[in-house]
Amino acid sequence: MWNPEWQVEHRIVLRYGEIALKGGNRIFFESKLLKNLKEQLKPLTGTKITKEHGRLYVQCSQAHYEEVMDILSRIYGLVSYSPARVVSLELEEIEAGAIEEMRLALADFKGKQPTFKVEVKRTNKNYGMTSPEMTKHLGGILLKAYPELKVDVHHPELQVVLEVRDRVYIFSRTIKGQGGMPYKTGGRAMLLLSGGIDSPVAGYLMAKRGVEIEAVHFHSYPYTSERAKEKVLTLARKLCAYTGRVRIHSVNLLEIQQAIIANCPSEEMTILSRRFMMAIATEIAKERDCGALVTGESLGQVASQTMEGIAVTTDATSLPVLRPLIAFDKVDITAIAKAIDTFETSILPFEDCCTVFLPDKVVTKPKVADIRDSEALLDVSGLIANAIKGMEAQIIRAEETFEL
Amino acid sequence: MIYLDNAATTQVHSEVIDLVVKYMASQFGNPASLHHMGLESEKALKNARGLIAKHLNCQPDQIVFTSGGSESNNWVIQRLMESEQGHAIVSGVEHPSVLEAVKAMQGKGFSVTTIPVNQLGTVSTENIVKSITPHTKLVSIMLVNNELGTIQPIENIVRELRNSGYQGFIHTDATQAAGKIRLNLKHLDVDFLSLSAHKCHGPKGVGLLYMKRPQTIKPLIFGGGQESNQRSGTHNLPGIVGMAKAIAIADTHIQENWAHVSALRAHVIEKLRENPDIAFFSGPVSSTCDQSPFGGNTDWAVPHILSIGIKYAKSEVVLHALEAKGIMVSSGSACSSNKKKQISHVIEALGVDKTYAEGIIRMSFSSKNTLNEVDTAAQSLLDVLNTLHFPR
């Protein structure tokens with residue numbers, strides 16, 4: 001029986017597959033991964049990150065274990081990680097530890113009975129039992145504790161691995177990580193963030209490729225409420241769970257939308273608004289050293305997101321536009337939104353700027369030349385300059401402080 | 001004045017009072033209002049919920065604000081017992097807001113099993129598991145008992161019930177536990193938990209119900225749709241914010257308060273041993289306030305509540321005699337003070353000897369009491385007992 005008096009220490013081995021392929025760049029990516037890990041784990045005092053045998057290990061106490069595992073689940077660049085229980089060389093502790101590890105591993109199989117195998121790696125030559133002896137002994141102990149299970153030494157569905165060193169490291173689970181590249185290894189991009197379901201997902205996906213994300217958000221206060229703005233800030237905070245912090249710029253689009261209504265064909269309202277957003281985002285992006293824009297656009301979702309529509313909005317910027325969702329179905333985007341916990345916030349009923357000024361008919365196949373003509377009726381540079389002058393910027397962090 | 005009736009209610013922290021005043025005097029907007037003042041109040045509500053969730057280790061959307069422990073208890077019990085057929089299990093020492101609600105809902109089709117307690121007021125996990133039937137919809141066992149301070153092995157009970165394949169719900173009334181033992185809702189794993197602010201130096205008239213899965217039971221109160229349509233009614237924002245602050249303060253200082261109160265209790269027991277007519281009915285106290293040691297079936301109690309039995313005495317007489325010396329204690333449980341019965345149902349459930357049963361005094365301590373205060377109180381009790389003569 002596991003004795004709660006025994007000190008439990010945890011050591012989690014981290015695996016980073018993709019960056020291992022990069023040869024010369026490996027050192028750069030590894031050091032960035034290490035830096036990101038250190039930053040995220042800093043508040044958990046006593047947690048250490050070490051590098052041994054070409055792998056990274058996180059060491060933590062029982063008290064911090066749950067939190068550490070939670071943070072690791074959101075670190076970009078980790079392909080998988082395995083938590084190991086660290087026990088002393090006392091056989092009683094090793095046996096109890098193995099049984100406990102098995103119990104946790106079985107929970108992942110949800111009632112199914114996996115075949116298993118025990119594997120022992122013994123680097124401590126002073127330890128009494130040999131590897132085969134230990135394997136056999138522990139196999140027997142586990143079969144006694146879990147009589148419904150069967151051993152399969154060739155193709156086991158579950159492996160209980162014990163590394164015998166100055167202490168014994170027992171692990172049985174491999175947990176899938178976020179994948180992707182370490183954050184901030186892929187340049188910086190400006191995300192056009194709205195309160196909808198798509199743009200937060202787009203931001204998350206680009207961040208996963210190592211791109212540092214800054215955001216710009218458009219509102220039409222007082223036509224849109226403060227609550228709508230709060231909703232976007234909340235979505236940015238949800239992204240912070242993965243990126244650490246996000247710098248978000250808020251721009252009031254009201255003057256521009258009113259100018260469009262007054263001077264341009266009503267069915268072009270949406271496409272013209274979007275061009276202004278792209279142009280404004282581009283100026284802020286250049287100011288902030290961003291090499292690209294990111295949007296949540298997907299083909300065929302709304303009227304302005306036809307191929308023609310995308311051609312017209314892309315024409316408003318000179319920066320590359322990254323659209324990770326361009327080929328995604330709504331149902332798949334929604335699944336990601338739920339996984340990253342932005343979905344519930346996105347569906348809150350506070351109107352975004354686009355919908356408030358939605359005309360009855362929307363042009364679906366706009367032509368660049370026609371739209372440029374309509375735009376020429378406006379003082380484009382003046383409107384853009386004004387909008388940027390009134391811009392507010394703030395840095396959103398993941399930790400909520402709950403001020404009362 | 002020496003206040004030793006903290007299990008009845010507690011003095012509100014001054015920081016909590018300041019917050020309550022702020023949300024009455026300047027930030028008094030209705031969180032449901034669309035304007036800026038409403039938004040500011042809504043943010044405060046969100047922060048209060050987030051702060052509480054952080055300290056109780058649960059998610060903000062698992063917390064619903066109510067008017068207190070009695071409402072939370074009634075909500076769970078009334079909704080889970082409203083079907084024609086069913087079975088519920090409670091302990092014999094639950095608070096009246098649980099027992100009376102259960103009694104009211106009990107009917108021809110809905111039966112109730114009352115689990116007995118041992119001498120120290122603890123229920124046995126085995127008894128509870130044995131009493132489960134295929135019709136059992138609710139098991140409700142309080143976390144800390146208000147008259148004796150007994151800590152029930154809830155973590156153990158939950159684990160055993162879930163392992164046994166129990167499909168119903170598990171509720172715990174944690175009103176007396178808040179601020180005393182460290183609450184970790186994730187580890188406790190109950191389906192419902194009731195809590196009240198005024199037992200942990202927060203304002204009266206506000207509490208919460210923790211629901212492991214939101215929207216599990218229909219609302220008791222319909223109306224404006226507050227609390228995600230689970231509990232309508234304009235939010236008592238000053239109370240809620242005050243409660244959040246009180247819970248935060250309690251959780252932050254929980255171990256040092258536990259140590260302090262343990263010392264006070266030990267001193268009182270030591271002093272009162274002088275009198276051979278005095279017996280103690282509360283159980284032993286652990287050195288740690290974390291709930292996990294109590295997961296097992298051992299008899300533990302919180303140091304904050306001390307049940308003192310005085311042979312042949314009449315408790316109300318002793319109470320008033322102490323009151324005359326400026327010392328406030330309780331006899332029986334505060335909520336039951338209207339009852340005609342002299343002996344509380346908890347004491348009766350323990351099977352306490354008749355010679356002590358009518359002379360039970362409850363001293364309940366808080367972190368605000370000092371060693372001098374409890375020393376004076378203990379001395380006063382000894383003096384009072386020397387002057388009062390009860391027929392043997």
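We name chains A, B, ... by the order of the sequence lines, and we start the count at 1 in each one.
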- Which portion of B:Glu42 sits near chain A, non-hydrogen atoms under 4.5 angstrom: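 Side chain only.
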
Does atom [atom1] of [X] have more than 12 heavy-atom neighbours, drawn from other residues, nucleotides or ligands, at distances under 6.0 Å?
X: A:Glu39; atom1: CD; answer: no
X: B:Gln215; atom1: CD; answer: yes
X: B:Lys368; atom1: NZ; answer: yes
X: B:Glu256; atom1: CD; answer: yes
X: A:Phe109; atom1: CZ; answer: yes
X: B:Gln167; atom1: CD; answer: no
X: B:Phe222; atom1: CZ; answer: yes

- Message: Strictly below 4.0 Å, N to O, side chains only: are B:Lys43 and A:Glu403 in salt-bridge contact?
- Response: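 Between A:Glu403 and B:Lys43 there is no salt bridge, as every charged N stays at least 4.0 Å from the carboxylate O atoms.
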
Which donor-acceptor pairs under 3.5 Å do side chains of residues 234-249 of chain B form with protein atoms, sequence neighbours excluded?
from: B:His235; atom 1: NE2; to: B:Glu227; atom 2: OE2; distance (Å): 2.6
from: B:Asn236; atom 1: OD1; to: B:Gly239; atom 2: N; distance (Å): 3.0

- Item | chain A contact residues among residues 44-63 of chain B, heavy-atom distance under 4.5 Å |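 Listed by number: B:Ala44, B:Lys46, B:Asn47, B:Ala48, B:Gly50, B:Leu51, B:Lys54.
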
- Item | Heavy-atom closest contact (B:His35 atom, A:Arg227 atom, distance) |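 Residues B:His35 and A:Arg227, closest heavy atoms: O-NH1, 4.5 Å.
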
- Message: How long is the straight-line distance from CD of A:Glu66 back to NE2 of B:His187, given to the nearest 0.5 Å?
- Response: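 One gets 4.5 Å once the value is rounded to the nearest 0.5 Å.
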
- At a heavy-atom separation under 4.5 Å, does A:Glu344 approach chain B through its side chain, its backbone, both, or neither?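 For A:Glu344, neither part sits under 4.5 Å from chain B.
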
